[in-house]
2 protein chains.
Amino acid sequence: MQDNITKLFKAIADPTRRDIFHALVIATSALSITQISNQFLMTRQGVTKHIKILNDAGLVQMKEDGRNRFCFADPKPLKEVNKWMQFYAQFWDDSLDNLDNYLKTKKDA
Amino acid sequence: MQDNITKLFKAIADPTRRDIFHALVIATSALSITQISNQFLMTRQGVTKHIKILNDAGLVQMKEDGRNRFCFADPKPLKEVNKWMQFYAQFWDDSLDNLDNYLKTKKDA
DNA sequence: TCTTTACGCAACTTTTTAGTTGCATATTAA
DNA sequence: TTAATATGCAACTAAAAAGTTGCGTAAAGA
């Protein structure tokens, strides 16, 4: 229903999910759902939903171990986001060109 | 209400807005609202709303000229997105470390 | 075995987002 | 001056997202 890049952007567009992802990236070990939830004010179920979205985007992976589900970050999918951005990077420092073009348009009209 | 980075991520999380942004980046001149709208199936007002969100995020700027509002892309704010990503880039190629840590966790438990 | 812990699932509410229609207004062209 | 064009604004609908409560269940510990 949604393409990967959209899933990725939507996943990281939410501040809570960026926080969860960050916590997992800097964690020295995988963290259980409960351990993650304890770092946030919202309920465990709320956090679980966010983790599911991160998981669907490929940014978080999980390993079941008994009654625990340990989560760990996988930043690799961000490569695709980076690739998307690199195309626009070439316009970062000359984005006033478009303003020039605008002025040209005006002159031509 | 929303921080800049969240505004940016939300702006580019929508496929239509990425399309609008892209069209403006590759355009050889600034485009009016109507010119942009004509490239999409949705109504002009729908497109206008997307442009407003892009404008709030700083990705699109506008110049009024008579009854026209010419829009042009400004990719510079994407630098901040890039900065956000660069932190995680260091983990791209060793993201299995977290899996190792997970296994270590398991062993310790 | 009994209790606690860690979770999933489903139903629900609230808020946000995406998109529409309708109408008013200013600018441009005939 | 009259008609067409480019736009904004407001109200509305529909759908998606964010978050909650409640409950059931399997695993671990006492």
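In the text below, chain A, chain B and the rest are named by the order of the sequence lines, each starting its count at 1. Every value quoted in this text rests on a predicted model; they were computed, and no experiment measured them. Just so it is clear, the values below take in all heavy atoms, side chains as well, and ignore hydrogens, waters and symmetry mates.
Here the P atom of nucleotide D/dA6 and the CZ atom of B/F70 are 10 Å apart, to the nearest Å. Separating the CG atom of A/D19 from the P atom of D/dG19 is a distance of 11 Å, rounded to the nearest angstrom. When the C1' atom of D/dT20 is taken as reference, atom CZ of A/F40 falls 17 Å away, rounded to whole Å. Nucleotide D/dC9 holds its C1' atom 16 Å from the CD1 atom of B/I51, rounded to whole Å. Summarising the geometry, the separation between NZ on A/K52 and P on C/dA10 is reported as 11 Å, rounded to the nearest angstrom.
Sorted by first and then second residue, the pairs that involve residues 15-35 of chain A and meet ring pair (Phe, Tyr, Trp, His ring centres under 6.0 Å), not counting sequence neighbours, are A/F21-B/Y88, A/H22-B/F87, A/H22-B/Y88. Each side-chain hydrogen bond (donor to acceptor under 3.5 Å, both in side chains) pair with one or both residues in residues 41-59 of chain A, not counting sequence neighbours, appears once here: A/R17-A/H50.
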For residues 2-12 of chain B, which side-chain donor-acceptor pairs fall under 3.5 Å, sequence neighbours excluded?
from: B/D3; atom 1: OD1; to: B/T6; atom 2: OG1; distance (Å): 3.0
from: B/D3; atom 1: OD2; to: B/T6; atom 2: N; distance (Å): 3.3
from: B/D3; atom 1: OD2; to: B/T6; atom 2: OG1; distance (Å): 3.1
from: B/T6; atom 1: OG1; to: A/R18; atom 2: NH2; distance (Å): 2.7

Listed pairs, N/O of protein and of nucleotides 28-30 of chain C, under 3.5 Å:
none

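Under a hydrophobic clustering in which Ile, Leu, Val, Met, Phe, Trp and Tyr are joined whenever their side-chain heavy atoms come within less than 4.5 Å, directly or via other members, B/I26 and B/L54 fall into the same cluster.
The side chain of A/S32 places an N or O atom within less than 4.0 Å of a non-bridging phosphate oxygen (OP1 or OP2) of C/dC7. Listed pair A/T34 / C/dT5 fails the phosphate criterion, with no side-chain N or O lying under 4.0 Å from OP1 or OP2.
Considering only heavy atoms from C-beta on, B/I20 comes within 4.5 Å of B/F40 through its side chain.
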Run the side-chain contact (heavy atoms from CB on, under 4.5 Å) test on B/L78 and B/N82 for me, step by step, so that the C-alpha distance in whole Å, both residues' side-chain angles and the decisive distance to 0.1 Å come before the verdict. CA-CA 6 Å; B/L78 289 181; B/N82 193 53; over 6 Å; no
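Every residue two or more places apart in sequence or in another chain that forms a side-chain contact (heavy atoms from CB on, under 4.5 Å) with A/A23 is listed here: A/Q39. Under the side-chain contact (heavy atoms from CB on, under 4.5 Å) criterion, B/N68 pairs with B/S32, B/F70, sequence neighbours left out.
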Base-contact (B) and sugar-phosphate-only (S) positions in nucleotides 16-25 of chain C, heavy-atom cut-off under 4.0 Å, - elsewhere: -SSBBBB---
